[in-house]
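Some notes on the structure that comes next.
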Amino acid sequence: MVGIAVRTRLCAWGGRRLARYVARRLISAVPVIFAVTFIVFLVMHLVPGDPALALGGTEASPAEIAQMRHQMGIDQPLVVQLLAWYEHLLRGDLGQSLLLGQSVIQSILARVPVTFSLAGCSLVVTVAAGIPFGIAAAVKRNSWIDQLIMGTALLGLSVPNFWLGLMLIYLFAVALGWLPSGGYVPLFQDPAQWLRSIILPTISLSLMQIGFIARMTRSSVLEVLGEDYLRTARAKGLSERITVWKHALKNAMIPILTVVGMLFGLLLGGAVVIETVYALPGAGRLIVTGILRRDYPVIQGGLMATAVVFVALNLLVDVLYAYLDPRVRYE
Amino acid sequence: MFDTSDEPLGDALRLQHQTTSGARSRLTLLHITRSRLIRRFSRHRLFLTGLVLFCSMVLIALFAGLLARHPIEEKYASLATPSTQYFFGTDDFGRDVFSRVLFGARISLGIGFSVVLTCGIVGTALGSVSGYFRKLDNLIMRIVDALMAFPAVLLALGIGAMLGPSEVNAIIALAIVYTPGTARIVRASVLVIREKLYVEGATAFGASPWRILVRHVLPNSLAPLIVQLTFVFAYAILAEAILSFLGVGPPPPIPTWGNTIAEGRNYITVAPWIAFYPGIFIAATVLGLNLLGDGLRDVLDPRLVS
């Protein structure tokens, strides 16, 4: 009885610690978000010369340019622009696309499902392939299996994903004709076609991350395998299998899980170029076309949105880490 | 590279090196350590592979003019298949892809090297100010956090797009993106080194903070910095390729690996070689740098599990 009471009290105490940790992390994210918004503002004002002039080109009349400057708000002093930027952000307003005739938020949200299905599929593939490969390499350390896996992982890390995408298009769409070379079919419209449209982009986007996760997993498992408590596990007569699967992996998974959390963010970043290669109508492609067509509000909104997702993921990962590894809460 | 007298020797060795007075013993110690380092490097097969790969790329970049069989702007038969005449075929304008890929090495490695140099200098400066002098630590680290809150390539794309497509702007964009990570790594190791006994010793001897930083702290935090910069080089090459591919890098007709692949994309069905070869060169360079980075980490920082 006493034992149970003590344990519940300890748990409650741990929970309070966790809550306090989460609160502290949330507060520390505020200045980061603030700095992020400021950086986006700065980046948008890096344009040498007059963005309206750059946008209007030589055909636009001075009146049109002035009108455009007014529309973009760049005829105001910088401080006013900065304040206006924050005011809009607080209202969740990322402005109006110059070319799409739509608000930036709307155009991003409309394309998010494509990006998320690509990043989501890639995440699943990456985890399903990367972690087992990493474990296998660690367990069979220095064997030919380890060398093969690590060699392939390093190769995967070195191949540019957009180029891999093009080569896969050539192989599977042009030469073999098995899969479409691009385009997107929504999942709920036709699941089979959706799958066909997402396979190649998913592979292109995952390969590099698989290599990354396999390497992470290997070193994390190796680190745990060298710990004292594993020697204890072996010494008390546990089989190698139980030692590895029950004792080592559970502990090795903690850092890997947090990396997986960050991975989704990385995949979102990578989706930008993969969506362009496969002509997928996602948020990444929106940003790239925004860049090519100098649709400044779209670039600004795209940067802002990805950074916010990134920070949120970071936060989630930290909290997850603190939940899984109580030591973190006491720092 | 490892001939400087203040290479990272490990703390034990450094202590030894400091307690032994006189130039002779100091020389002997360094000599042993240097040959030991060289031996460790020369036994690391993957490191050597990386070194060979990377050095060949550097040689290709340096001697592109000699190796190229045709001038890069000269127009021949359009979309000719790879042959003994045109090793990598020709593009839609009829330009020799082989020559353009060789000259692309010059652009890519040049940009990569400039980014590494900028990151190294600015990152070390920021990391030292923040970690050693503990000035503006909070501010600098918050800015670093914020810059690292963006997916690297996306931020570089945004900055590059705003500045306009050019070589220098690509370097600026990539340096802004990769300096924060470098600063963070320098800060982390400086924070550890500044608490060491030999720093305390140097302080007791009345050495100025600057002297301690330059003579003791920075040299000892060199190992993680070198490793980091090797990887920054690899990332920068990949990111530059993406920038060029998306039209934000050096604009055509400057031959970059990225914009050659972008061009090849339009002809992927009829002339896949245009996109194929530059990609192989990117992968080989990045692989070489990754191998180098891994090898450097294994040898210079044996504490890390490899």
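By convention in this document, chain letters (A, B, ...) are assigned in the order of the sequence lines, proteins followed by strands, and residues within each chain are numbered from 1. In this text, all values refer to a predicted model and were calculated from it rather than measured experimentally.
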At their closest point, which heavy atom of [X] faces which heavy atom of [Y], and how far apart are they?
| X | Y | result |
| --- | --- | --- |
| B:Arg142 | A:Ala35 | O-CB, 4.5 Å |
| A:Val311 | B:Ala149 | CG2-CB, 3.6 Å |
| B:Leu154 | A:Leu303 | O-CD2, 3.9 Å |
| B:Ile159 | A:Val43 | CG1-CG2, 3.9 Å |
| A:Tyr170 | B:Thr269 | CE1-O, 4.4 Å |

Report the C-alpha distance between A:Val36 and B:Phe150 in whole Å, list the side-chain angles of each, state the deciding distance to 0.1 Å, and finish with yes or no for side-chain contact (heavy atoms from CB on, under 4.5 Å). CA-CA 8 Å; A:Val36 160; B:Phe150 296 89; 3.6 Å; yes
Using non-hydrogen atoms and a 4.5 Å limit, figure out which bit of [X] sits close to chain B: side chain, backbone, both or neither.
| X | result |
| --- | --- |
| A:Ile39 | side chain |
| A:Val277 | both |
| A:Val32 | both |
| A:Val288 | side chain |
| A:Ile287 | side chain |
| A:Leu266 | neither |

Taking atom [atom1] of [X] and atom [atom2] of [Y], what is their separation to the nearest 0.5 Å?
| X | Y | atom1 | atom2 | result |
| --- | --- | --- | --- | --- |
| B:Ile280 | A:Met167 | CD1 | CE | 8.0 Å |
| B:Asp294 | A:Arg215 | CG | CZ | 4.0 Å |
| B:Asp145 | A:Ile33 | CG | CD1 | 11.5 Å |

Considering only heavy atoms, which portion of B:Ile176 lies under 4.5 Å from any heavy atom of chain A: side chain, backbone, both, or neither?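 Neither part; nothing is under 4.5 Å.
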For B:Ala234, which atoms come within 4.5 Å of any heavy atom of chain A: side chain, backbone, both, or neither?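 It is neither, since no heavy atom gets under 4.5 Å.
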Looking at B:Ala284, B:Pro272, B:Ala262, which one has more heavy-atom pairs under 4.5 Å with chain A than the rest?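 Answer, by heavy-atom pair count under 4.5 Å with chain A: B:Pro272.
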Looking at B:Gly288, B:Ala275, B:Pro165, which has the largest count of heavy-atom pairs under 4.5 Å with chain A?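 Among B:Gly288, B:Ala275, B:Pro165, the one with the most close pairs to chain A is B:Ala275.
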Could you tell me whether the side chain of B:Arg265 and the main chain of A:Leu166 form a donor-acceptor pair under 3.5 Å?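 No; judged by distance alone, with no hydrogens or angles, the pair does not exist.
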Which of A:Phe34, A:Phe310, A:Phe38 touches chain B most, by non-hydrogen pairs under 4.5 Å: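 So the answer, after comparing A:Phe34, A:Phe310, A:Phe38, is A:Phe310.
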Assess whether atom OH of B:Tyr235 is packed by more than 12 heavy atoms of other residues, nucleotides or ligands within 6.0 Å.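 For B:Tyr235, atom OH is not crowded (no more than 12 foreign heavy atoms under 6.0 Å).
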Within 6.0 Å of CZ in A:Phe41, more than 12 heavy atoms from elsewhere: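 Atom CZ in A:Phe41 is crowded, with more than 12 foreign heavy atoms closer than 6.0 Å.
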Apply the test side-chain contact (heavy atoms from CB on, under 4.5 Å) to residues A:Val273 and B:Val153: give CA-CA distance (whole Å), side-chain angles for both, the deciding distance (0.1 Å), then the verdict. CA-CA 9 Å; A:Val273 61; B:Val153 171; over 6 Å; no
side-chain contact (heavy atoms from CB on, under 4.5 Å) for A:Ile291 and B:Leu246? Distances and angles first, verdict last. CA-CA 9 Å; A:Ile291 285 173; B:Leu246 295 176; over 6 Å; no
Could you check A:Trp163 against B:Ile282 for side-chain contact (heavy atoms from CB on, under 4.5 Å), going step by step and ending with a plain yes or no? CA-CA 9 Å; A:Trp163 175 78; B:Ile282 299 173; 5.8 Å; no
